[in-house]
Amino acid sequence: MTTERYNPRAVEPRWQKQWDEAGLYETKTDAPGEKYYVLEMFPYPSGRIHMGHVRNYAMGDVVARYKRAKGFNVLHPMGWDAFGMPAENAAMQNKVHPAKWTYENIASMRAQLKSMGLSLDWSREFATCDVDYYHRQQMLFLDFLDSGLAYRKKSKVNWDPVDMTVLANEQVEDGRGWRSGALVEQRELTQWFLKITDYADDLLSALDELPNWPDKVRLMQKNWIGKSEGLMLRWALAPQTRPEGHEDLAIFTTRPDTLYGASFLAVAPDHPLAQTIAGTDPALAEFIAECRRAGTSAEALETAEKKGYRTGVEAVHPLDPDWTVPVYVANFVLMDYGTGAVFGCPAHDQRDLDFALKYELPVRPVVLPPKEDPTAFTIYSDAYDGDGVLFNSDFLDGLSPEDGFEAVAAKLEAATLGGEAVAERKVNFRLRDWGISRQRYWGCPIPVLHCETCGVVPEARENLPVTLPEDIDFEKPGNPLDRHPTWRKTSCPKCGGEALRETDTMDTFVDSSWYFARFTAPRAETPTEPAIANAWLAVDQYIGGIEHAILHLLYSRFFVRAMKKTGHLDLDEPFKGLFTQGMVVHETYKDGREWVPPADVVIREENGERSATRLSTGTPITIGGIEKMSKSKKNVVDPEDIIGSYGADTARWFMLSDSPPDRDVIWTEAGAEGAFRFVQRVWRLVQEAAPHLPAPSKASLAEISGETALAIRKAAHRTAHGVTGDIERLGFNKAVARVHELVNILAGSLAGLSASSETETRAAAREALEVLVKLIAPMMPHLAQECWTVLGRDGFVASEAWPQVEDGLLRDDSVTLPLQINGKKRGDLTVPAEASKAEIEEAALATQVVRDALNGGQPKRLVVVPGRIVNVVV
RNA sequence: GCGGGCGUGAUGGAAUGGUAGACAUACCGGACUUAAAAUCCGGAGGCGCAAGCCGUGCGGGUUCGAGUCCCGCCGCCCGUACCA
C-alpha cells in the first residue's frame with residue numbers, strides 16, 4: 001500500500017479557487033439561520049502580514065466556520081485600518097505618496113490573507129482611507145456636531161521647535177524629537193473634541209451588561225473611567241500672600257476625612273494661579289517652562305522626579321482659621337483632572353509623603369491603623385493608606401474615614417466663604433473628552449470651515465466629501481494641508497464669503513470606532529443602513545489584541561452611543577463577546593551588535609547546550625531573549641515563507657495548538673514542523689482507511705455492540721463533545737490536544753483495517769473519520785476538504801453540519817476515583833458510575849490502604865465527592 | 001509613577017478548590033533501512049536500590065485537600081489618552 005504525501009502547495013490553491021467560485025463565504029442578510037457576527041480587529045496595512053495576524057485570523061476563522069456548521073448565518077468580513085502615520089513616514093523617507101504606498105500594501109496583504117484560506121466575505125472589503133468610507137465618517141461628524149457631541153477647546157501638543165511640527169507621544173524620546181533631537185515643548189492649540197464624558201456614567205455602568213468580556217478588560221475600563229465621589233473644597237488664600245484676583249483656591253478631594261493631616265496645597269503648572277504668580281516671579285516662570293519641556297504623556301509626567309515650587313502664597317485651613325499651609329506648583333498635578341489643584345496629606349498618600357520629605361513639610365498622621373498606639377504611631381518613609389480610626393483630628397476623632405467624610409462634608413457645605421458654600425459634593429471622572437484633531441495629512445479631513453464673518457461653520461452636506469488633495473509635498477515636515485497652495489480656500493456655505501478649510505484631520509481611532517457597523521452595509525450612501533445594522537449588530541465575537549483593551553474599545557462603545565443619538569444605529573453596545581489574544585513572540589539573535597533574523601540562524605544542541613551560528617557567514621551568534629516579533633529586532637518569521645513551505649493549514653494549526661489563545665505564543669521552527677507532521681499523519685490515516693470503508697451513509701451504527709467498534713465510536717463522540725465545548729469557550733489549544741488524542745487512538749485501532757475487517761468496525765471507522773474531518777475543518781479547512789473528498793463525499797465539508805454527539809456514548813459503566821489519606825493520594829478506587837456516596841464510603845473503608853491507615857480505628861473524617869475524589873482523614 | 005495581567009518538567013502547556021505534568025515539542029532507547037529521512041514501538045519532573053520523600057517564581061495564611069482562594073514580595077508583559 002503506497003500513500004501519496006499530502007501536498008498543500010497544490011491542494012490549498014485548488015480548494016481556495018473552488019470556494020471562491022462557489023461564493024461559499026459571501027453572506028446574505030436574509031439567509032436562513034440565526035445571525036452570528038464574528039470579527040477580528042482589522043489590520044493596519046503595513047505591507048506584510050505577520051504571525052500575530054495569522055493567529056488572530058485563524059482564531060476568528062475557527063469560530064466563523066464552527067458557527068456556520070452549527071447552522072448560523074455568519075457574517076465574517078475584513079477591511080483595512082488604512083490612515084495613520086506610517087504612510088506619512090514612508091512618504092518622507094521614500095518619496096512615495098501615502099495613498100500609493102497604502103493601496104500597494106493592501107494589495108499584497110490581501111493576497112497573503114487569501115492564501116490563508118480564511119472564510120471571509122471579501123465582497124464587503126473596504127479601507128478607511130477610501131473616499132467612500134471617510135465621506136460617511138464626515139457625515140457622522142456633522143451629525144455629532146449638530147447634536148453637541150463635537151466641540152473645540154484648547155489643548156496641548158508636543159511641539160518640535162526645530163522641525164516646526166507636532167509630534168506623537170511615541171515620537172518623543174527622553175523629551176526630545178525623534179528626528180531633530182530638539183527638546184520638545186508643550187504648545188497649546190485649539191482642537192476638536194468629542195464629548196465622551198457625556199456618557200462616562202453609562203460607559204461605566206454598562207460594563208456590568210457585558211458578561212462575555214474578560215473581567216480584566218472591564219476592570220481596566222472601569223479604572224480608566226475613574227469615577228470618584230468627593231468634595232470640591234475652596235481654601236481661602238491669606239490676604240497678604242495672594243495675588244490680585246485669587247481670593248480662594250478650589251481643590252477636589254476624595255479624602256476630606258484626612259483634612260487635619262494636610263500640610264500643603266499643590267496646583268498644576270497650567271493652573272491660573274500659577275500663571276498669575278509666574279507673571280511677577282521669574283523663578284516660577286522658569287520652573288513652569290521646565291515642566292513644559294517634558295512632553296505631554298501621563299507616563300512622562302508621572303515617572304519624572306516629583307518637583308515643586310513654593311509660591312509664597314499661604315492657604316487658610318478650612319477647619320481652622322489659625323492654620324495656614326503653603327501653596328506649591330508641582331509637576332505631578334494634572335490640569336485635566338478635577339480642578340488642577342490638590343491638598344497634600346503626606347501621612348496617608350505615598351506621593352504626598354515623598355513630596356513632603358523632599359521639601360521638609362510636616363507629616364501628621366490622622367488615620368490610626370487598628371491596634372496601634374495613638375501616642376506612638378509615626379509615619380517614616382511609608383504612607384499608611386489603609387483603614388482605621390481618625391485621630392489628631394479635633395471633632396473627627398474616633399470616627400471611621402467614611403463617617404469622617406460625611407462629617408466634614410456636612411460642616412463645610414454649611415460654611416461659607418465669600419458668600420458661597422466652602423464645599424460641595426462632586427462626582428468626578430478621570431475620563432477626559434476625546435481629542436480627535438491631528439495636524440497631519442493622512443487622515444479623514446474634519447469637514448468644517450473657518451469664515452471671517454461666521455466663524456467656525458460646518459461644511460454643507462451636499463458639498464461632502466471633503467477629499468484630501470493629491471498634489472502634496474512631504475519635503476518639509478508638518479502638515480501638508482496647511483501649506484497647500486489652493487486646497488484650503490473655499491467659500492462659506494452660510495454667507496458665501498471667503499472661507500478657509502479646517503486643516504486638522506481625525507485621529508485614526510475615529511476610523512476604527514464604527515467600521516464594524518459599516519461592514520453590515522458597506523456600500524450604503526448613508527453611514528449605515530439602520531435596519532440592516534440593527535439586524536447584524538452587536539458583533540457576537542470580537543477578537544483582537546489586549547493592547548486595545550481601553551482606548552479602541554472604549555471609543556467604539558462611545559461611538560455606538562453617539563450613533564444611536566444621531567439615528568444611525570439602535571444599539572447599546574458594539575461587542576457582545578470579546579476575546580483578547582496574546583502576542584506571537586520569538587527568540588532573538590545577535591551577531592555582535594547586529595540583530596539577525598531567524599531565517600539566517602542555524603541552531604545546534606549538544607549536551608543540552610544550545611548554540612547558534614549565522615547561516616550566511618558561519619560566524620557564532622548570541623541567542624537572546626524571547627520577545628515580541630518586531631522589525632527592529634528582526635525576530636520575525638514571515639507567514640508567507642511558512643505558508644509557502646508547509647501550507648496555510650500547518651501555520652494555522654500551529655498557531656492554534658501551542659498556547660492558550662489569550663497568552664503569548666512562541667513561534668518555533670520545531671513546533672511548525674511538528675504541526676506539518678500532524679497534517680501528514682491525518683492524511684495518511686484517512687487515505688489508508690478510505691478504500692476499506694463502507695459507502696457513505698450506508699453504515700448502520702445503531703446496533704453496533706462489538707468491543708472494538710464501540711471503542712472507536714466512543715472515542716469519536718467523546719472527542720466531538722470535548723472539541724465542541726473547547727471551541728465554544730475559545731480553548732483552541734485544548735481542542736487541538738483532543739484531536740491529537742483521537743488520531744492517536746484511531747491510528748492504533750485502524751492500523752490493520754482491510755476489506756475483510758468486521759462490518760461493524762468498518763462502519764465505526766467511517767463515522768469516526770468523518771467526525772475527525774469535521775472537527776478539524778474549522779482549523780485546517782484545506783486538509784479537511786481534501787480528506788472529505790478522499791472519503792468519497794461530494795461537495796464542501798464547509799457546508800456540512802457539525803457532528804451530532806450521542807450522549808449514550810459519553811458514559812462509562814464504572815469510574816476510578818483517586819483515594820487519598822490525609823489529602824495525599826494513596827490508591828485508586830473503582831466503583832460503578834452511579835454509585836451513591838454511602839456505597840463509595842463503604843468501598844473506600846474496605847480497601848487495604850485505608851484499613852492499614854486506620855489501623856483498626858475510626859476515620860476522623862471522610863470526604864467523598866462523587867465522580868471526583870475520596871479523602872480519608874485519620 | 002499609576003491601572004491591568006502573567007509566572008507549572010529541557011520547552012509550549014493541561015488540571016469546575018479534588019490523582020500536578022493530559023497533549024505536543026525537544027531528547028534518549030528499540031524496530032525498519034546499506035545509510036539517512038519518514039514511519040512505528042517504548043522511556044522520561046527531581047532525589048532514592050527501594051519503600052518513599054520533595055516538587056507549580058519567593059514568603060506567609062485559609063481548607064479534609066491549594067497550581068487554583070487570601071495577604072506580602074520578586075520578575076516579566078500590556079496600557080498610560082497623538083503608535084496602531
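All values derive from a computational prediction rather than experimental measurement.
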Quiz item: Any side-chain heavy-atom pair from A/Val736 and A/Phe678 closer than 4.5 angstrom?
Solution: no

Practice problem: For A/Gln581 and B/rC77, give me the distance from atom CD to atom C1', rounded to whole Å. | Solution: 15 Å

Practice problem: Summarise how protein sits on nucleotides 70-75 of chain B as a single string, 5' to 3': B when a protein heavy atom is under 4.0 Å from the base, S for sugar-phosphate-only contact, - for no contact. | Solution: ------

Quiz item: Do A/Met41 and A/Ile543 have side chains that get closer than 4.5 Å, going by heavy atoms?
Solution: no

Exercise. Please report the shortest heavy-atom distance between A/Trp442 and A/Glu88, naming the atom on each side.
Key: N-OE2, 2.5 Å

Quiz item: Can you check whether A/Ser297 has a side-chain N or O nearer than 4.0 Å to OP1 or OP2 of B/rU80?
Solution: no

Self-check item: Nearest-nucleotide pick for A/Met85, side chain only, options being B/rG18, B/rG4, B/rA84
Solution: B/rA84

Practice problem: Using atom CD of A/Glu299 as one end and atom P of B/rA81 as the other, report the distance to the nearest whole Å. | Solution: 8 Å

Quiz item: Just by distance, with hydrogens left out, do A/Gln171 and A/Arg179 show a side-chain donor and acceptor under 3.5 Å apart?
Solution: no

Practice problem: Take the protein atom CD of A/Glu728 and the nucleotide atom P of B/rU16, then report the distance between them rounded to whole Å. | Solution: 18 Å

Quiz item: B/rG65 phosphate, OP1 or OP2: any side-chain N/O from A/Asn822 under 4.0 angstrom?
Solution: no

Exercise. Send over the distance from A/Glu170 CD to B/rG79 C1', rounded to a whole Å.
Key: 14 Å

Quiz item: In whole angstroms, how far is the P atom of B/rA81 from the OH atom of A/Tyr337?
Solution: 16 Å

Quiz prompt | Min side-chain heavy-atom separation A/Leu578-A/Pro214 under 4.5 Å | solution = yes

Quiz item: B/rG13 and B/rG57: how far apart are their P atoms, nearest whole angstrom?
Solution: 13 Å

Quiz item: Do the side-chain N or O atoms of A/Asn169 get closer than 4.0 angstrom to the phosphate oxygens (OP1, OP2) of B/rA81?
Solution: yes

Quiz item: Phosphate oxygens OP1/OP2 of B/rU19: is one of them under 4.0 Å from a side-chain N or O of A/Lys824?
Solution: no

Practice problem: In whole angstrom, give the distance that lies between atom CD1 of A/Ile869 and atom C1' of B/rU63. | Solution: 13 Å

Quiz item: Where the side chain of A/Val873 is defined as all heavy atoms beyond and including C-beta, which of B/rC64, B/rC83, B/rU25 is the nearest nucleotide?
Solution: B/rC64

Quiz item: Say you pick atom C1' in B/rG46 and the same atom in B/rU8; how far apart are they, in whole Å?
Solution: 14 Å

Quiz item: Relative to the 5' end of RNA chain B, which residue comes earlier, A/Met220 or A/Arg432, by the nucleotide with the nearest heavy atom?
Solution: A/Met220

Practice problem: With rounding to the nearest 0.5 Å, note down the distance linking OG in A/Ser512 to NE2 in A/His552. | Solution: 5.0 Å

Quiz item: For B/rG7, does OP1 or OP2 lie under 4.0 Å from any side-chain N or O of A/Arg663?
Solution: yes

Quiz item: Would you say the side-chain atoms of A/Thr830 and A/Ser814 include a donor-acceptor pair closer than 3.5 Å?
Solution: no

Quiz prompt | Separation of the C1' atoms in B/rC32 and B/rG42, to the nearest angstrom | solution = 15 Å

Self-check item: Separation of the P atoms in B/rG79 and B/rA15, to the nearest angstrom
Solution: 27 Å

Exercise. Go through B/rC23, B/rA84, B/rU16 for me and flag the one nearest to the A/Arg868 side chain.
Key: B/rU16

Quiz prompt | Protein-nucleotide distance (A/Asn871, atom CG; B/rG17, atom P), rounded to Å | solution = 18 Å

Practice problem: Would you write the dot-bracket representation of RNA chain B, where each base gets (, ), [, ], | or . depending on whether it forms a Watson-Crick or G-U pair under 3.5 Å and with which partner? | Solution: (((((((..(((.....[....))).(((((.......))))).(((....)))..(((((..]....))))))))))))....

Quiz item: When rounded to the nearest 0.5 angstrom, what is the spacing between NZ in A/Lys824 and CG in A/Leu819?
Solution: 15.0 Å

Practice problem: Sugar-phosphate atoms are those with a prime plus P, OP1 and OP2; base atoms are the rest. Using that split, label each nucleotide of nucleotides 39-44 of chain B B, S or - for protein heavy atoms under 4.0 Å, 5' to 3'. | Solution: SS----

Self-check item: For the student: nearest non-hydrogen atoms of A/Leu167 and A/Val184, plus distance
Solution: CD1-CG2, 3.8 Å

Exercise. Between B/rA84 and B/rG17, how far apart are the P atoms? Round to whole Å, please.
Key: 41 Å

Quiz item: Out of B/rG3, B/rA81, B/rC23, which has the shortest distance to the side chain of A/Ala298?
Solution: B/rA81

Exercise. Could you grab the distance from atom CG of A/Asp511 to atom OH of A/Tyr555, nearest 0.5 Å is fine?
Key: 13.0 Å

Exercise. Answer yes or no: is there an ion pair linking A/Arg292 with A/Asp270, defined by an N-O contact shorter than 4.0 Å?
Key: yes

Quiz prompt | Note: A/Arg738-A/Asp726 ion pair, threshold 4.0 Å (strictly below) | solution = yes

Practice problem: Look at the side-chain N and O atoms of A/Arg861 and state whether any lies under 4.0 Å from the OP1 or OP2 oxygen of B/rC64. | Solution: yes

Quiz item: Donor-acceptor pair, A/Asp507 side chain versus A/Val510 backbone, under 3.5 Å?
Solution: no

Self-check item: Short side-chain N/O contact to B/rA22 OP1/OP2 from A/Asn733, under 4.0 Å
Solution: no

